[in-house]
Structure formats: structure tokens, C-alpha cells
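Report on the structure given below.
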Amino acid sequence: MSYSDTELMVVKAAQELRDGDSVLVGIGIPNLAANLAKRTHAPDLRMIYESGTIDSDPSSLPLSIGDPVLASGAASIESLHGGFNYYLQAGRIDAGFLGGAQVDKHGNINSTVIGDYDDPDVRLPGSGGACEIASNVERTIITTSHQRQRFPEEVDFVTSPGFIDGEGGREKHGLQGGGPAAVITDMAVMGFQNEEMVVESIHPGVDREDVQEATGWDIKFAGDVDETEPPTEDELRLIRDELDPDGVYL
Amino acid sequence: MSYSDTELMVVKAAQELRDGDSVLVGIGIPNLAANLAKRTHAPDLRMIYESGTIDSDPSSLPLSIGDPVLASGAASIESLHGGFNYYLQAGRIDAGFLGGAQVDKHGNINSTVIGDYDDPDVRLPGSGGACEIASNVERTIITTSHQRQRFPEEVDFVTSPGFIDGEGGREKHGLQGGGPAAVITDMAVMGFQNEEMVVESIHPGVDREDVQEATGWDIKFAGDVDETEPPTEDELRLIRDELDPDGVYL
Amino acid sequence: MSKVTSMKQAISTAISDGDSVYLAGFTHLIPFAAGHEIIRQEYTDLEVVRATPDLIYDQMIAAGCVGKVTFSWAGNPGVGSLRAFRRAIEDGVPNPIELEEYTHFGLVMRLYAGAVGLPFVPLKTFSGSDLPAENDNIRSVQSPFGDEEVYAVPPLNPDVAVVRGQRADENGNVHLWGIPGEHKEAALASDTVILSVEEIVDESVIRSDPNRTLVTADDIDYIVEEPYGSHPSYAQGYYDRDNDAYLNWDEVSQTHESTQEWLDEWVYSVADRDEYIRKLSSDRLLDLQTGNAYSEPINMGEN
Amino acid sequence: MSKVTSMKQAISTAISDGDSVYLAGFTHLIPFAAGHEIIRQEYTDLEVVRATPDLIYDQMIAAGCVGKVTFSWAGNPGVGSLRAFRRAIEDGVPNPIELEEYTHFGLVMRLYAGAVGLPFVPLKTFSGSDLPAENDNIRSVQSPFGDEEVYAVPPLNPDVAVVRGQRADENGNVHLWGIPGEHKEAALASDTVILSVEEIVDESVIRSDPNRTLVTADDIDYIVEEPYGSHPSYAQGYYDRDNDAYLNWDEVSQTHESTQEWLDEWVYSVADRDEYIRKLSSDRLLDLQTGNAYSEPINMGEN
């Protein structure tokens, strides 16, 4: 069964979630991934959105993190103050999704500016809640497309800290969350060893050179780097028929 | 029409409230006073209780600050955290009632211990929310019975700051509320001049010497000290027939 | 594995001698049944924490369960003082207890700091009072914006909290209405949480109104369905405060001996809350019934 | 004197050129009608503050009302970037604007500090990020209990806030359900507050459920009854988000000229929200209708 890059990313992102996790979900791939995990290996996943909905049970695909389907049938709804304080800062969230215009070798993310802060080439949306997710969640999962300008050795601006300057960087800065656990792109799945990004599996049809070419530094490959396992038919059917039947994000 | 000391105190305390005030009410005399004010000269009085009920509209006499009649029909209910933060600390309360085992010359109140803190003669209940009322409310109204041991020159323990050590005391301590505005006892009504307690009116049947005798320092008397005006028949009727028909506090 | 259990089981599994325990509830939904179970199980040396250590803490102190009280107002609300509490402090009967004292705001902010994971929280109170001199957990801190100094308190994270609500689903998503007090902060600050409710209801009831939820399943370890679990305190919409019980306690607790007799009759010789309630006269129960006054519903929309 | 008035009157009385203004609402109950009225009244040099300056701030920026944006995430939610916002920053069109930038948590905590009267509040974020270097209102502070350092932000007290809710009584006691965002903190932090609701209801409706109240009358200066006041955002239980409008804005705002044309048609040539809504096709309005899903009521008891 053929599949798109997005579908593969959704499936890989879903596999990063564990049953019983409280996960801070965003719109698009993260939302599809969380809902896929909940319908497969993680029925007790608790989906939490930045808008304050706790244990959402969306009856249809949410189009923004404030979609009413995330509020209807949720277990609870917090104000912004409550969600960020009681859930994020208090360390109640196990996993969270992040994206961004740039991700660097140490998993730091830029979603603020390309170029100089005071005279930017491109003004990006800014942190939103990304900095607090990156700081306080136990495992962050980064999803992004894999292009050289998106993977510089060092980001132009650290919006959301990964491992900062590498080993011991998070401890030095007093960050309670564990930092980036996985980076999932349209080419590969990467993890972190000694606080540096390492390719763990490469998607079918992509080779090492492609990944290196699309990365702005000499990226390391794990000793046992494998071909990424493709989505199963069940996973694809769930994504296409139940989660995003109109193909909004696929 | 004859009246009790308590009834006179209720009426005098009510007269300290202004229409439109948000008042932090306690049980007993303060509750009767606030409800009397609301039914007479201050129909837009907003009664707020330490338990977090905002603009309560009690259908019957509350027996504690957490009585369900204070919640039913209120405009809002805050948690303890919300009430103390959004209302008291933020300076949203105009007037508040305080009592205590000792009140001194500068309006400081002790409701913690008689004697030494670590080996008390009498262990009193402690501050509760009194310290934050004394600190943050614009005008506090103190009601207590008038006895020498209750009116020492200096309290054994400052639970709730009045003017602390006198002129400029509150400014020096950064307190936003205006401090004690009135002390209402079963003998007299006192105000403050230059941050020191001054007798403003003496109740019928009591003379200056009685007041001085029941006070632990040379208390000052205002130049125009009057006899306290007795309650009107309307006021007494409201108190007896509507506010406390069973005479719980009278 | 279901979290739904008996209070007996919940208390015996959750609490150990010497633990810090917060029985939440400010004037409303006070977990009296949990307190009685703690007494029956003869715990000792507990640090009991509570803004208002009222009758239930007075009973635990009289029973010898308590080594320390952390509090902000210790009285019999609307009635007078707590006699067992005072006997322990003034005379060391049945044992001396240590005190750690705050104002309501100070203690609530300690719980809040514990619930939100901060090393300290600033607050505007204590200045000009003698309390900071007696408690090293009340310290001043300067604002990094300008010269203003305010006081601060550190987080409080009790070992165990007992919190209440009117209704919860069997996962522990709980609705509370009326006076919320500090139930939420106590639940979120504590390591282990026992939730006791008047009714366990279908999950759809809770999820029909998520804005009413106090805390969610993830923060609840044990759930006890316990009608009248707050008597002689009250549960808004279920039963009123039994004011005679508060007045009566002022008599009962006059001496250590009369207090022990009351504990024998109403706690030690009673198996659980159900038996306690059945022991009350039906007149008394009927007097506590409230009529019905339903809230105007909201429409969440069919999404 | 009644506070109930029109949005036109409320805005013209409450706001002056150069004021700081917070239109509250995080993804839900965004006060679009108030934003359009600000544009119609041709305000200039406003400091507009908002966690998520989405379409409504993009429109105000394009209309030349804005001198400064204080924010934490500037995008078209679920769609892409804010083109007018970017034109102002990248090219100074129609005028350059100053930026003051936070994270969501940072900005919400500034409002909270403003609402609760504190000179600063600590929070766990910013560490390891480059944001503190660009914003002097983000400073570190050491805990008075141990060595831990955290960041802190000062209070934010806007001159004017516009907040929304589904229903309020004519005094301004307001119920909000669904996603509450920062409506409460914005109302309590600001000097002047305009409340806009879908419906004005009898006081007894609000008082039947005081736990649902967002803010009370004392904090509200003007009340506007304005059905569909949040379109194309949504009001839980009243109407859904008009997603096509968000997608369409991405087209409309491609150039400054096309943006002006849209403003001419949908803002400047429209008298008020009622006329705006009548201008929408009935198909579009019908698509936004939600079915009914009522909350399970609570019993407050007859006291």
C-alpha cells in the first residue's frame, strides 16, 4: 500500500507515544499522531492542548488548537494561566510535539526570526507555548520537513531550548524536562546521543547521502541505522478513513 | 426603644460602610452590619466573604463564613487562591471587618497568642485571613468588647498590622490598604488621628472615665466627642425581624 | 485496575506514620470521614496541614495521631476555640505538638507553589506582622523590577491529600461546586491523592461540563464513594452544615476524658461512614436536607 | 446608570489614541467586532497586546491603528503567517511597528501579575532561550529558599481590555464556558473593561451558577450585547469557527492593496456588527450553527 511522507511521519510520531502518557498535542501531524496512537497502542493516552483542554476526545479533526471539538467532551478545561502553571510548569506532561523553521544539531528550535532579531529577513510567528513545552515536558518530539536551510548547525535564534550547547546544557540551565527525544522528518527518524542529533532510521527510498545533503552539519548515524519501517495497512486505513477523511493534512 | 450593646455596635458598624463598597464580611456583628447597611443606606454594597463568595445575597443568617447561603445566589465564587489574590492582594476591597483578643493604640491586632509565642498563656486561633485584610483593604473596621486587657498600649503579638509603630508605619512597611478607620466597642466609637486611636463618640450611659478605665493607655478624646446616636426603630426592627430573627448574635 | 475502593483501604494504603497529610476543604466539603478513619487506624506522629484545623483536626489531635500542625486559623468556626488543640499546646495533652503557622493566604500560596512547581511564590502580606519572625519559611524577596520588597513562601508538597467533590466518574475526574476552598491546590501539590465524593456518576456527566472539573483522573490515586462523607460539614446541594454538632463539640471537648468518650462512641466503635450515618437520628438527617435549586445549564454545542 | 451600550459608544468612550489595548481570547471568543470598531474609528498609535495577534490584529495593523504589538505568537492559526504583521515589520507598511515579545506563559503571567497586584511573578521558562536577551522585562530572580534561579516578569496593566463571554446580566456578571483563555486575567488587569456577550440574560441565570462566573460587575465598565461578536472566531454552543474566513484571509492579505479593499468592504462600509452579520450569506451562517449539547445541571440546594 503506498503512502505519503506525511502519513509515514504521522505513524512514526505516534510510535513515540506511550500508553498512559499525557501528551501536549499541536495541530496537523501531532494531532493525527496522537489520535492514531490512542486508537492503536496507547488507548489511555491523555491528549492535552495548549488551549487548556485536558484529555480531549475530539469527534472530528480539529482545525486549530482552539477548535470546539477539543473542548466538547474533554475531562477538564483550564485557563491559559491554569494550563501553563498546573500542567506544563508543574511537570505533569510526559510528551510534547514541537515544530519550527530551524532545528539544530543539539535540538534547539527557532520559530522566531530568520536573520537578525532586530532586522529580520523573515519574521516567524514566535514561541507561543513552544519554549515552555521544550523546557518542561519530559520528552519532546520534533516533526519537520528535512531541508538544509531548516537544519543548520546552529539556529539563528533559540526560541525553544533543546540541549542548548550540548552535554549538560539542560542541567546547567535548570530545565526540568528531558529535552528532545526524537526528530521525525520526511527523510529519517533521528534521536539524540550525548545530546547530539543522530540518525536512527532512514525512510525507504532515501539514502545516507540524501540525509547528509539535507543537513547543515556532518550528521552522525547510529551504528545500527535501519530502513524506517513503513506504515501498516491498518495504520493507513485509520489515518485516511477515520482521522483525516477529507485529507486536510495528508 | 431599648437596645443591646450588640445592636448598637451593629448599627455603628453599618454606618461605616458606603454605598458601592466591596466589603469583606465576617460572621456575627460584621455580617449583621453589612446586611443592615445593604438594606438601608448602601443598597449597592457588595458583600464578599473570606470563603470566596462574591456579592453574596444570603437568604438567611449565615452561621459560618462558609455557610451555603453565602454561595447560593452569589454573583461569583472564587477559590481561596483566587479570592486572596484577585480580590484582597489586588486591592479590590474597600472595607473589611476585623476583631481580635487585643487591639492597641495604633490599631494593631493580636489574634495569635496571649503571652509568649513559644509558651503561650492562651493560644488563640491565629490570623486566618485577618493579616491580609488588615494589609490590603482600604478601610478596616474593628469591632470588639471594651475591656482593659483587650486594649493594651502594645499588643503581645502583631497578627494584623494597624499603623504598626504609628505615623508613617504603614508606608514604611509598604502596606497598600489605608489601615484601621474605626474601632467600635460596647462603650464607644473610635477613629484615628495621626495614626493613634481617638475616641469620637461615647455610648449613652457610659462616661469618659469608664472608657479610660477600660483602656490600657491614656487614650485621647476628640475635641468634639459626642454621645453616640442610638439605633433608630427602623434599624432595630430590621435587625430583629429580618436579619437575626432567632437572636443568635443579639 | 479500578481506583474505586473503601476509605479504610485507601487510608491504610496511602498513609504511613509520620506522613504529612492535608485534609482539604475550607468551610465546605471537609473530609470528616477520612479523619475518622485515620483515628480508627491509630496513626501517630502525623504532620497534619490545613488552613483551618477545625473539629476534625481537633479530634485527630485528641486521639493522639498528630505530632505537628501546620495551619493558619485554628478555631471552631462560628463557635469558639479548639479545646483539644489548645490542650496539646498549652498542656501537652495527650502529647505535645509542634506548630508551623501562616496566614490563610500564606498557607494557600505554599500549596499553590507546590501545585505549580515553583521554588517560591511572592505575596503581599506578612509585612508589619510578627509572623515572619516565628517562621523561617516566610522570607522577603526583592522584585527584580524596581526596589519593592515583598514576602515569599516555598512550595508545600504533602505526602497525602484527601480532597472531596460532589461527583466524579470512576476514573477520578471530579466536579465540585459551591465553595471550592483549596481542594484543587491540595490535590495537585500532594504526592498521593485520595478523592472522596458524594456520588460516582457516569463519565458522560463529567464530560458534559468540563469547565466544572476540579482535577482530573491523572492526579487521583484512590476514589471513595461516600455519601455524607463531610458530615457535620456540608456538601452544597446534598446536605447542610449540622450546626448542632459544632456547638456540641464545644461541650464534648471540655475535658480530655469527655473527648475520649465521644471518640469511643462515634469513631472507634463505628466501622465506617455508613455506620456513622445510620447512627444519627433520622430527625437530624432530615433537618440537613436541602431543597432543589438547579443551575441553568449551558450549551456546549454538538460538535 | 446602565452600563449596557453599543460597541461604537463603548470604544469611543473607553479608548484614546496611544492607549494600550488587550483584546482577549485564546482561539475562542475573540472580540472581532470590537477590533472592527477600532478600525472604523481610525485610532492610531495603539499598543495592541495579545498572546495571539491573529487576524483581528493583522486587520488593525493593516488599517494603520497600531504603533506597537506586544505578543507571544503571531500567526494565522492552523493556516500560516500574518501577512500584514510581517509587512509592517519587514517593510514598514503601512507604518513601522515596535515589538515586545514573550512566550505564551510569559505574557499570561504578566497579565496575571497585573490582575493580582504583584510587582513581579516567577515562572519556569525562558532559560536557555534567546528571548530574555531581547526583552528587558524578562529578568532572573533568585529564590529566597535555596539557590535556584528562575525568570520573572513584571505586571501588565493595559489601559483597556475587551473581553467576551457567552452570557451576562445587565450589571456585567458574566458566564464563559469552553476555552477560557486569558479573558479573566485581562479583565482584572486592565483599567477599563468592555465586556461583549452573545446574550444579556436575567441576573437569576448567572446567580443560579456562581461557580461559572468569569468576572463580576465591579470590574466591568461597558456591556455590549452582540450576537456573533466573535465571527469568524467562535462562541462555544452558539456558532462554530468559520474556517473559510481564516483561509480566505491568507489570500486577501497577500498585498496591502487587496487588504485595504477587504477592509473597505467588510469594515469601513459597514456600520456595526449587525450589518456585518447580515452581509454574510445565510448558507455561511447556517454552516456555523451547532447542535445542542446541554451540560448536566448541578443542584445548589434551596437555602
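Computed from a prediction, not measured in an experiment: that's the story for all the values here.
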* To do: Flag the one option from D:Pro144, D:Gly146, D:Gly117 with the top tally of heavy-atom pairs under 4.5 Å to chain C.
  => D:Pro144
* Please examine the side chains of D:Met300 and C:Trp177, heavy atoms only from C-beta on, and report whether any two atoms are closer than 4.5 Å. => yes
* Structure fact -> Honestly, the part of D:Ser140 sitting under 4.5 Å from a heavy atom of chain C is backbone
* Asked: Given side chains that start at C-beta, do those of C:Asp209 and D:Arg212 come closer than 4.5 Å, heavy atoms only?
  -> yes
* Could you tell me whether the side chain of C:Glu296 reaches within less than 4.5 Å of the side chain of D:Ile206, counting heavy atoms only? => no
* Can you tell which part of D:Val150 gets under 4.5 Å to a heavy atom of chain C, answering side chain, backbone, both or neither? => side chain
* Structure fact -> Max heavy-atom pairs within cutoff under 4.5 Å with chain D, candidates C:Ser208, C:Ser143, C:Ala293, goes to C:Ala293
* Asked: So what's closer than 4.5 Å to chain C heavy atoms on D:Gln236: side chain, backbone, both or neither?
  -> both
* Output yes when a side-chain donor or acceptor of C:Ser295 lies under 3.5 Å from a complementary backbone atom of D:Ile298, and no otherwise. => yes
* Validation row: C:Pro122, D:Phe120 side chains within 4.5 angstrom (heavy atoms) -> yes
* **Pick from D:Ile179, D:Thr290, D:Asp240, D:Asn211 with the largest number of heavy-atom pairs that fall under 4.5 Å of chain C** => D:Asn211
* Asked: Side chain, backbone, both or neither: which part of D:Gln142 has a non-hydrogen atom closer than 4.5 Å to chain C?
  -> backbone
* With distance as the sole test, does D:Lys124 use its side chain to make a donor-acceptor pair with the main-chain N or O of C:Leu118 at under 3.5 Å? -> no
* Asked: Picking from C:Pro154, C:Pro180, C:Pro297, C:Gly178, which has the most non-hydrogen pairs under 4.5 angstrom with chain D?
  -> C:Pro154
* **D:Glu134 atom CD, neighbour heavy-atom count above 12 within 6.0 Å** => yes
* Structure fact -> The interface call for D:Arg167 against chain C, heavy-atom contacts under 4.5 Å, is side chain
* Per-residue contact mode, D:Val153 against chain C (heavy atom under 4.5 angstrom) -> backbone
* Asked: Can you tell if the side chain of D:Phe145 reaches within under 4.5 Å of the side chain of C:Asn137, non-hydrogen atoms only?
  -> yes
* Within 6.0 angstrom of D:Asn292 CG, more than 12 heavy atoms from elsewhere -> yes
* In terms of heavy-atom proximity below 4.5 Å to chain C, should D:Pro210 be classed as side chain, backbone, both, or neither? -> neither
